[in-house]
Amino acid sequence: MKKHIVCVILLSLLLFRAVSCQAITYPEKGGCLVDSTGLITGEIRRDIDTLSERTEASYGGRAYVYVTHFLGGTPVHEFARELFDRWQLTDQDYLLVMVMGEETSALLLGKKLSSALPGETADNVMSRYFRPDFQRREYGQAVASVLPEMSRQAARAFRKELDVSGLFSAQAVQAQDSADGWSDFITSGYVNWLDYGTGSQHTQHEYKPRNEGFHTGTIVFLAVLAWVLFRLVRNKRRR
Amino acid sequence: MKTEKIISWVLLVVMIIGALLFGAYRGWTGEYADVTKAAASLREAYTARMETAYNVLTVAKRHLPAGSEKIAAVSGDHAAFSGRQASLADLHRASEKLTADAAELIAELRGQESLRADERDSMYASQLLPQMLDSTENLVRAEEKVYSEMTGDYNARFDKYRISSFLAGLFGVSRAETLD
(Lines give C-alpha, C1' and ligand atoms only; values in the text may rest on other atoms or scores of the structure.)
Protein backbone atom coordinates (compact mmCIF):
# COMPACT_ATOMS: atom_id res chain seq x y z
CA MET A 1 0.00 0.00 0.00
CA LYS A 2 2.70 2.42 1.01
CA LYS A 3 4.66 1.55 -2.10
CA HIS A 4 1.61 2.37 -4.19
CA ILE A 5 1.18 5.74 -2.56
CA VAL A 6 4.82 6.57 -3.14
CA CYS A 7 4.36 5.62 -6.80
CA VAL A 8 1.35 7.93 -7.06
CA ILE A 9 3.26 10.80 -5.52
CA LEU A 10 6.27 10.31 -7.76
CA LEU A 11 4.17 9.95 -10.87
CA SER A 12 2.25 13.11 -10.02
CA LEU A 13 5.43 14.82 -11.00
CA LEU A 14 4.69 13.76 -14.56
CA LEU A 15 1.90 16.32 -14.57
CA PHE A 16 4.49 19.08 -14.42
CA ARG A 17 4.82 21.16 -17.54
CA ALA A 18 7.28 23.84 -18.34
CA VAL A 19 6.16 27.38 -19.25
CA SER A 20 8.10 29.76 -21.37
CA CYS A 21 8.48 35.81 -22.87
CA GLN A 22 10.19 41.02 -25.47
CA ALA A 23 11.19 44.69 -25.36
CA ILE A 24 11.29 47.89 -27.42
CA THR A 25 14.93 48.63 -28.36
CA TYR A 26 16.83 51.74 -29.16
CA PRO A 27 19.16 52.02 -32.17
CA GLU A 28 22.34 50.00 -32.01
CA LYS A 29 25.55 51.87 -31.47
CA GLY A 30 27.52 51.93 -34.71
CA GLY A 31 30.55 54.20 -34.80
CA CYS A 32 30.48 57.80 -33.68
CA LEU A 33 27.60 58.70 -35.98
CA VAL A 34 24.36 56.76 -36.25
CA ASP A 35 22.29 58.36 -38.94
CA SER A 36 18.88 56.83 -39.48
CA THR A 37 17.94 59.55 -42.01
CA GLY A 38 20.61 58.71 -44.58
CA LEU A 39 21.14 62.42 -45.07
CA ILE A 40 24.55 62.97 -43.50
CA THR A 41 27.29 62.91 -46.14
CA GLY A 42 30.25 60.59 -46.03
CA GLU A 43 32.73 63.41 -45.56
CA ILE A 44 30.95 64.80 -42.53
CA ARG A 45 30.76 61.28 -41.10
CA ARG A 46 34.51 60.82 -41.58
CA ASP A 47 35.21 64.16 -39.91
CA ILE A 48 33.11 63.14 -36.90
CA ASP A 49 35.08 59.90 -36.60
CA THR A 50 38.39 61.74 -36.88
CA LEU A 51 37.36 64.32 -34.29
CA SER A 52 36.40 61.54 -31.89
CA GLU A 53 39.74 59.83 -32.35
CA ARG A 54 41.51 63.10 -31.55
CA THR A 55 39.39 63.82 -28.47
CA GLU A 56 39.98 60.30 -27.19
CA ALA A 57 43.72 60.76 -27.63
CA SER A 58 43.51 64.16 -25.92
CA TYR A 59 41.29 63.76 -22.85
CA GLY A 60 39.90 60.23 -23.18
CA GLY A 61 36.34 60.99 -24.29
CA ARG A 62 34.57 60.64 -27.63
CA ALA A 63 31.84 62.56 -29.43
CA TYR A 64 28.74 60.64 -30.54
CA VAL A 65 25.95 61.81 -32.79
CA TYR A 66 22.52 60.29 -33.44
CA VAL A 67 20.34 61.69 -36.21
CA THR A 68 16.73 60.72 -36.81
CA HIS A 69 13.54 62.15 -38.26
CA PHE A 70 11.12 61.56 -35.37
CA LEU A 71 10.96 60.25 -31.83
CA GLY A 72 7.23 59.55 -31.80
CA GLY A 73 6.49 61.62 -28.71
CA THR A 74 9.40 60.66 -26.50
CA PRO A 75 10.97 63.87 -25.15
CA VAL A 76 14.38 64.35 -26.77
CA HIS A 77 16.28 64.72 -23.47
CA GLU A 78 14.72 61.57 -22.08
CA PHE A 79 15.58 59.73 -25.29
CA ALA A 80 19.15 61.04 -25.22
CA ARG A 81 19.59 59.96 -21.60
CA GLU A 82 18.34 56.46 -22.35
CA LEU A 83 20.47 56.20 -25.49
CA PHE A 84 23.55 57.36 -23.58
CA ASP A 85 23.02 54.52 -21.09
CA ARG A 86 22.21 51.90 -23.69
CA TRP A 87 25.28 52.76 -25.73
CA GLN A 88 27.27 52.53 -22.48
CA LEU A 89 29.07 55.77 -23.15
CA THR A 90 31.72 56.77 -20.68
CA ASP A 91 31.77 59.65 -18.21
CA GLN A 92 33.97 61.67 -20.56
CA ASP A 93 31.89 61.17 -23.71
CA TYR A 94 29.13 63.39 -25.01
CA LEU A 95 26.14 62.61 -27.20
CA LEU A 96 24.39 64.94 -29.62
CA VAL A 97 20.88 63.90 -30.72
CA MET A 98 19.34 65.65 -33.71
CA VAL A 99 15.66 65.07 -34.48
CA MET A 100 15.08 66.71 -37.82
CA GLY A 101 11.36 66.20 -38.25
CA GLU A 102 10.59 67.48 -34.76
CA GLU A 103 13.21 70.26 -34.95
CA THR A 104 14.55 69.34 -31.54
CA SER A 105 17.96 68.39 -30.28
CA ALA A 106 19.77 67.48 -27.10
CA LEU A 107 23.36 67.41 -25.94
CA LEU A 108 24.13 65.00 -23.14
CA LEU A 109 27.45 64.92 -21.32
CA GLY A 110 29.04 62.12 -19.32
CA LYS A 111 29.19 62.73 -15.57
CA LYS A 112 32.89 63.51 -15.40
CA LEU A 113 32.69 65.86 -18.37
CA SER A 114 29.63 67.55 -16.96
CA SER A 115 31.39 68.10 -13.62
CA ALA A 116 34.55 69.39 -15.29
CA LEU A 117 32.77 72.00 -17.40
CA PRO A 118 31.48 75.23 -15.88
CA GLY A 119 27.70 75.24 -15.26
CA GLU A 120 26.04 76.61 -18.41
CA THR A 121 28.79 75.73 -20.91
CA ALA A 122 26.93 73.00 -22.78
CA ASP A 123 23.76 75.12 -23.07
CA ASN A 124 25.75 78.11 -24.25
CA VAL A 125 27.60 76.06 -26.84
CA MET A 126 24.34 74.66 -28.16
CA SER A 127 22.62 78.06 -28.25
CA ARG A 128 25.50 79.76 -29.98
CA TYR A 129 26.99 77.12 -32.23
CA PHE A 130 24.23 74.68 -32.99
CA ARG A 131 20.63 75.86 -32.71
CA PRO A 132 20.64 78.76 -35.19
CA ASP A 133 22.04 76.58 -37.99
CA PHE A 134 19.87 73.62 -37.00
CA GLN A 135 16.74 75.75 -37.16
CA ARG A 136 17.77 76.99 -40.59
CA ARG A 137 18.19 73.33 -41.53
CA GLU A 138 21.86 73.84 -42.26
CA TYR A 139 22.69 70.57 -40.57
CA GLY A 140 26.24 70.38 -41.91
CA GLN A 141 27.05 73.83 -40.57
CA ALA A 142 25.38 73.01 -37.25
CA VAL A 143 27.45 69.86 -36.76
CA ALA A 144 30.63 71.52 -38.07
CA SER A 145 30.25 74.34 -35.54
CA VAL A 146 29.13 72.56 -32.41
CA LEU A 147 31.32 69.46 -32.36
CA PRO A 148 34.72 71.16 -32.61
CA GLU A 149 33.65 73.82 -30.11
CA MET A 150 32.27 71.32 -27.62
CA SER A 151 35.39 69.20 -27.96
CA ARG A 152 37.62 72.23 -27.44
CA GLN A 153 35.70 73.16 -24.30
CA ALA A 154 35.98 69.61 -23.01
CA ALA A 155 39.73 69.44 -23.65
CA ARG A 156 40.17 72.81 -21.89
CA ALA A 157 38.17 71.56 -18.90
CA PHE A 158 40.52 68.59 -18.57
CA ARG A 159 43.53 70.86 -19.19
CA LYS A 160 44.50 69.02 -22.36
CA GLU A 161 45.45 70.15 -25.84
CA LEU A 162 43.21 69.38 -28.81
CA ASP A 163 43.76 70.09 -32.48
CA VAL A 164 40.56 70.36 -34.54
CA SER A 165 42.12 71.86 -37.64
CA GLY A 166 41.48 70.32 -41.01
CA LEU A 167 38.08 69.03 -40.05
CA PHE A 168 34.67 70.04 -41.39
CA SER A 169 36.01 72.00 -44.33
CA ALA A 170 33.82 74.71 -45.83
CA GLN A 171 33.54 72.57 -48.92
CA ALA A 172 32.27 69.55 -47.00
CA VAL A 173 29.81 71.68 -45.06
CA GLN A 174 28.53 73.29 -48.21
CA ALA A 175 28.20 69.90 -49.86
CA GLN A 176 26.15 68.72 -46.87
CA ASP A 177 23.88 71.74 -46.74
CA SER A 178 23.29 72.05 -50.44
CA ALA A 179 22.84 68.31 -50.99
CA ASP A 180 19.56 67.45 -52.61
CA GLY A 181 19.03 65.06 -49.70
CA TRP A 182 15.29 65.29 -49.44
CA SER A 183 14.78 64.63 -53.14
CA ASP A 184 17.25 61.79 -53.02
CA PHE A 185 15.29 60.37 -50.16
CA ILE A 186 12.06 60.56 -52.13
CA THR A 187 13.51 58.82 -55.14
CA SER A 188 15.61 56.26 -53.31
CA GLY A 189 12.57 54.26 -52.25
CA TYR A 190 14.37 53.09 -49.14
CA VAL A 191 12.34 53.32 -46.02
CA ASN A 192 12.63 51.17 -43.01
CA TRP A 193 9.95 52.47 -40.71
CA LEU A 194 11.71 50.92 -37.81
CA ASP A 195 14.60 53.32 -38.30
CA TYR A 196 12.61 56.34 -39.28
CA GLY A 197 10.12 56.20 -36.46
CA THR A 198 11.30 56.26 -32.91
CA GLY A 199 14.23 53.96 -33.41
CA SER A 200 12.18 51.30 -31.70
CA GLN A 201 12.11 47.80 -33.08
CA HIS A 202 9.42 45.22 -32.81
CA THR A 203 9.67 41.48 -32.87
CA GLN A 204 6.51 39.94 -34.20
CA HIS A 205 4.90 37.33 -32.02
CA GLU A 206 4.16 33.92 -33.50
CA TYR A 207 1.23 31.79 -32.48
CA LYS A 208 1.66 28.05 -32.22
CA PRO A 209 -1.69 26.41 -31.46
CA ARG A 210 -1.58 24.32 -28.32
CA ASN A 211 -1.93 20.57 -28.87
CA GLU A 212 -5.27 19.23 -27.83
CA GLY A 213 -5.57 15.98 -25.95
CA PHE A 214 -3.65 14.29 -23.20
CA HIS A 215 0.05 14.51 -22.67
CA THR A 216 2.18 11.40 -22.21
CA GLY A 217 2.68 12.08 -18.52
CA THR A 218 -1.05 12.34 -17.96
CA ILE A 219 -1.65 9.02 -19.72
CA VAL A 220 1.02 7.27 -17.70
CA PHE A 221 -0.29 8.81 -14.51
CA LEU A 222 -3.82 7.62 -15.22
CA ALA A 223 -2.55 4.16 -16.13
CA VAL A 224 -0.61 3.85 -12.89
CA LEU A 225 -3.56 5.17 -10.94
CA ALA A 226 -5.83 2.58 -12.56
CA TRP A 227 -3.30 -0.17 -11.69
CA VAL A 228 -3.08 1.00 -8.07
CA LEU A 229 -6.86 1.06 -7.70
CA PHE A 230 -7.11 -2.38 -9.33
CA ARG A 231 -4.57 -3.80 -6.88
CA LEU A 232 -6.36 -2.23 -3.93
CA VAL A 233 -9.70 -3.66 -4.96
CA ARG A 234 -8.17 -7.11 -5.61
CA ASN A 235 -6.42 -7.12 -2.22
CA LYS A 236 -9.65 -6.12 -0.53
CA ARG A 237 -11.58 -8.95 -2.22
CA ARG A 238 -8.95 -11.54 -1.22
CA ARG A 239 -9.32 -10.53 2.41
CA MET B 1 -3.30 -1.43 11.00
CA LYS B 2 -6.83 -0.22 10.27
CA THR B 3 -5.76 3.34 11.13
CA GLU B 4 -2.80 2.97 8.83
CA LYS B 5 -5.09 1.83 6.01
CA ILE B 6 -7.40 4.78 6.49
CA ILE B 7 -4.51 7.19 6.53
CA SER B 8 -3.14 5.62 3.37
CA TRP B 9 -6.48 5.94 1.61
CA VAL B 10 -6.90 9.53 2.69
CA LEU B 11 -3.38 10.32 1.61
CA LEU B 12 -4.01 8.71 -1.76
CA VAL B 13 -7.17 10.74 -2.33
CA VAL B 14 -5.46 13.94 -1.21
CA MET B 15 -2.53 13.29 -3.55
CA ILE B 16 -4.81 12.62 -6.48
CA ILE B 17 -6.81 15.78 -5.86
CA GLY B 18 -3.61 17.74 -5.29
CA ALA B 19 -2.13 16.43 -8.53
CA LEU B 20 -5.28 17.37 -10.44
CA LEU B 21 -5.34 20.83 -8.85
CA PHE B 22 -1.68 21.39 -9.56
CA GLY B 23 -2.05 20.10 -13.11
CA ALA B 24 -4.95 22.45 -13.73
CA TYR B 25 -3.02 25.35 -12.25
CA ARG B 26 0.15 24.73 -14.23
CA GLY B 27 -1.68 24.03 -17.46
CA TRP B 28 -3.89 27.09 -17.34
CA THR B 29 -1.23 29.45 -16.06
CA GLY B 30 1.04 28.31 -18.86
CA GLU B 31 -1.58 29.12 -21.44
CA TYR B 32 -2.48 32.37 -19.68
CA ALA B 33 1.19 33.38 -19.76
CA ASP B 34 1.25 32.82 -23.54
CA VAL B 35 -1.88 34.94 -23.96
CA THR B 36 -0.39 37.67 -21.77
CA LYS B 37 2.78 37.65 -23.86
CA ALA B 38 0.74 37.97 -27.06
CA ALA B 39 -1.23 40.84 -25.51
CA ALA B 40 2.03 42.60 -24.62
CA SER B 41 3.28 42.15 -28.18
CA LEU B 42 0.02 43.58 -29.50
CA ARG B 43 0.30 46.56 -27.15
CA GLU B 44 3.80 47.22 -28.50
CA ALA B 45 2.34 47.34 -31.99
CA TYR B 46 -0.31 49.82 -30.82
CA THR B 47 2.47 51.91 -29.25
CA ALA B 48 4.21 52.08 -32.63
CA ARG B 49 0.89 53.21 -34.11
CA MET B 50 0.52 55.88 -31.45
CA GLU B 51 4.03 57.16 -32.17
CA THR B 52 3.20 57.39 -35.88
CA ALA B 53 0.08 59.41 -35.06
CA TYR B 54 2.27 61.78 -33.05
CA ASN B 55 4.68 62.18 -35.98
CA VAL B 56 1.80 63.03 -38.34
CA LEU B 57 0.55 65.65 -35.88
CA THR B 58 4.05 67.14 -35.52
CA VAL B 59 4.22 67.91 -39.23
CA ALA B 60 0.56 68.87 -39.60
CA LYS B 61 0.70 71.46 -36.83
CA ARG B 62 3.37 73.35 -38.72
CA HIS B 63 1.14 73.94 -41.73
CA LEU B 64 -2.48 73.73 -40.62
CA PRO B 65 -4.33 76.04 -38.25
CA ALA B 66 -4.56 74.97 -34.62
CA GLY B 67 -8.33 74.58 -34.76
CA SER B 68 -8.27 72.18 -37.71
CA GLU B 69 -10.85 69.43 -37.36
CA LYS B 70 -8.57 66.89 -38.94
CA ILE B 71 -5.84 67.66 -36.42
CA ALA B 72 -8.37 67.35 -33.61
CA ALA B 73 -9.49 63.95 -34.93
CA VAL B 74 -5.96 62.53 -35.05
CA SER B 75 -5.18 64.13 -31.68
CA GLY B 76 -8.18 62.30 -30.28
CA ASP B 77 -6.93 59.02 -31.73
CA HIS B 78 -3.47 59.67 -30.26
CA ALA B 79 -5.03 60.40 -26.86
CA ALA B 80 -6.97 57.12 -27.04
CA PHE B 81 -3.72 55.22 -27.53
CA SER B 82 -1.99 57.09 -24.74
CA GLY B 83 -4.47 56.16 -22.01
CA ARG B 84 -2.74 53.87 -19.53
CA GLN B 85 -5.93 51.98 -18.72
CA ALA B 86 -6.99 51.58 -22.34
CA SER B 87 -8.30 48.11 -23.09
CA LEU B 88 -7.21 46.19 -26.17
CA ALA B 89 -10.66 46.72 -27.61
CA ASP B 90 -10.28 50.50 -27.20
CA LEU B 91 -6.84 50.40 -28.78
CA HIS B 92 -8.18 48.35 -31.67
CA ARG B 93 -10.93 50.91 -32.30
CA ALA B 94 -8.44 53.78 -32.07
CA SER B 95 -6.15 52.07 -34.55
CA GLU B 96 -8.97 51.52 -37.03
CA LYS B 97 -10.11 55.12 -36.68
CA LEU B 98 -6.57 56.45 -37.07
CA THR B 99 -6.28 54.93 -40.55
CA ALA B 100 -9.10 57.07 -41.90
CA ASP B 101 -8.36 60.18 -39.82
CA ALA B 102 -4.66 60.24 -40.69
CA ALA B 103 -5.38 59.76 -44.39
CA GLU B 104 -7.75 62.75 -44.34
CA LEU B 105 -5.27 64.85 -42.42
CA ILE B 106 -2.44 64.10 -44.81
CA ALA B 107 -4.67 64.82 -47.79
CA GLU B 108 -5.52 68.23 -46.33
CA LEU B 109 -1.89 68.83 -45.48
CA ARG B 110 -0.78 68.19 -49.04
CA GLY B 111 -3.12 70.89 -50.24
CA GLN B 112 -1.30 73.53 -48.18
CA GLU B 113 0.87 76.05 -50.01
CA SER B 114 3.29 76.23 -47.10
CA LEU B 115 3.89 72.49 -47.30
CA ARG B 116 4.58 72.57 -51.02
CA ALA B 117 7.21 75.23 -50.37
CA ASP B 118 8.88 73.08 -47.70
CA GLU B 119 10.90 70.30 -49.30
CA ARG B 120 11.47 68.40 -46.08
CA ASP B 121 7.87 68.44 -44.88
CA SER B 122 6.70 67.63 -48.42
CA MET B 123 8.81 64.51 -48.26
CA TYR B 124 7.35 63.64 -44.88
CA ALA B 125 3.77 64.15 -46.03
CA SER B 126 4.14 62.38 -49.36
CA GLN B 127 6.53 59.56 -48.48
CA LEU B 128 7.65 58.89 -44.95
CA LEU B 129 4.48 59.42 -42.96
CA PRO B 130 2.18 57.44 -45.29
CA GLN B 131 4.71 54.62 -45.29
CA MET B 132 4.92 54.67 -41.51
CA LEU B 133 1.13 54.60 -41.29
CA ASP B 134 0.91 51.66 -43.70
CA SER B 135 3.69 49.75 -41.96
CA THR B 136 2.22 50.18 -38.50
CA GLU B 137 -1.23 49.30 -39.76
CA ASN B 138 0.09 46.06 -41.27
CA LEU B 139 1.98 45.27 -38.10
CA VAL B 140 -1.08 45.84 -35.93
CA ARG B 141 -3.26 43.72 -38.20
CA ALA B 142 -0.76 40.85 -38.12
CA GLU B 143 -0.51 41.00 -34.34
CA GLU B 144 -4.28 41.27 -33.96
CA LYS B 145 -4.75 38.18 -36.11
CA VAL B 146 -2.33 36.17 -33.99
CA TYR B 147 -3.86 37.43 -30.77
CA SER B 148 -7.44 36.77 -31.90
CA GLU B 149 -6.60 33.19 -32.89
CA MET B 150 -4.88 32.58 -29.60
CA THR B 151 -7.59 34.08 -27.42
CA GLY B 152 -10.33 32.39 -29.46
CA ASP B 153 -8.81 28.98 -28.72
CA TYR B 154 -8.01 29.83 -25.14
CA ASN B 155 -11.44 31.23 -24.28
CA ALA B 156 -13.19 28.31 -25.97
CA ARG B 157 -11.18 25.89 -23.84
CA PHE B 158 -11.72 28.01 -20.75
CA ASP B 159 -15.47 27.81 -21.23
CA LYS B 160 -15.36 24.11 -22.14
CA TYR B 161 -13.34 22.80 -19.20
CA ARG B 162 -15.29 24.55 -16.49
CA ILE B 163 -14.05 22.61 -13.48
CA SER B 164 -10.35 22.95 -14.16
CA SER B 165 -10.72 26.54 -15.33
CA PHE B 166 -12.67 27.30 -12.15
CA LEU B 167 -9.85 25.80 -10.10
CA ALA B 168 -7.29 27.81 -12.08
CA GLY B 169 -9.44 30.89 -11.55
CA LEU B 170 -8.77 30.58 -7.83
CA PHE B 171 -5.15 31.37 -8.69
CA GLY B 172 -5.85 34.43 -10.82
CA VAL B 173 -6.31 32.87 -14.26
CA SER B 174 -9.22 34.35 -16.18
CA ARG B 175 -10.71 34.57 -19.66
CA ALA B 176 -8.54 36.49 -22.10
CA GLU B 177 -9.42 40.02 -23.14
CA THR B 178 -10.83 40.15 -26.68
CA LEU B 179 -10.65 42.87 -29.30
CA ASP B 180 -14.43 43.21 -29.64
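Reminder, nothing fancy here: chain letters follow the sequence lines and each chain counts from 1.
Pairs passing the side chain to side chain donor-acceptor pair (under 3.5 Å) check and including a residue from residues 163-180 of chain B, sequence neighbours excluded, read B/Trp28-B/Ser164, B/Tyr32-B/Ser174, B/Asp159-B/Arg175. Residue pairs that meet the salt bridge (Lys or Arg N to Asp or Glu O under 4.0 Å) test with at least one member in residues 125-139 of chain B, sequence neighbours left out, are B/Glu137-B/Arg141.
Residue A/Arg136 qualifies as enclosed at atom CZ: its count of foreign heavy atoms under 6.0 Å is above 12. The environment of B/Leu170 atom CG is dense: over 12 non-hydrogen atoms of other residues, nucleotides or ligands sit within 6.0 angstrom. Heavy-atom contacts from other residues, nucleotides or ligands closer than 6.0 Å to NZ of B/Lys145 number 12 or fewer.
Residues satisfying the ring-ring contact (aromatic ring centres under 6.0 Å, His included) criterion with B/Tyr54, sequence neighbours excluded, are B/His78.
For the atom pair CD of B/Glu51 and OG1 of A/Thr74, the computed distance is 5.5 Å after rounding to the nearest 0.5 Å.
Contacts of residues 56-70 of chain B with chain A at a heavy-atom distance below 4.5 Å involve B/Thr58, B/Val59, B/Arg62, listed in sequence order.
Between the B/Arg120 side chain and the A/Arg137 main chain, no donor and acceptor come within less than 3.5 Å of each other. Between the side chain of B/Asn55 and the main chain of A/Phe70, no donor-acceptor pair closer than 3.5 Å is present.
Classified by interplanar angle (parallel below 30°, tilted 30° to 60°, perpendicular above 60°), the ring pair A/His69/B/Tyr124 is perpendicular.
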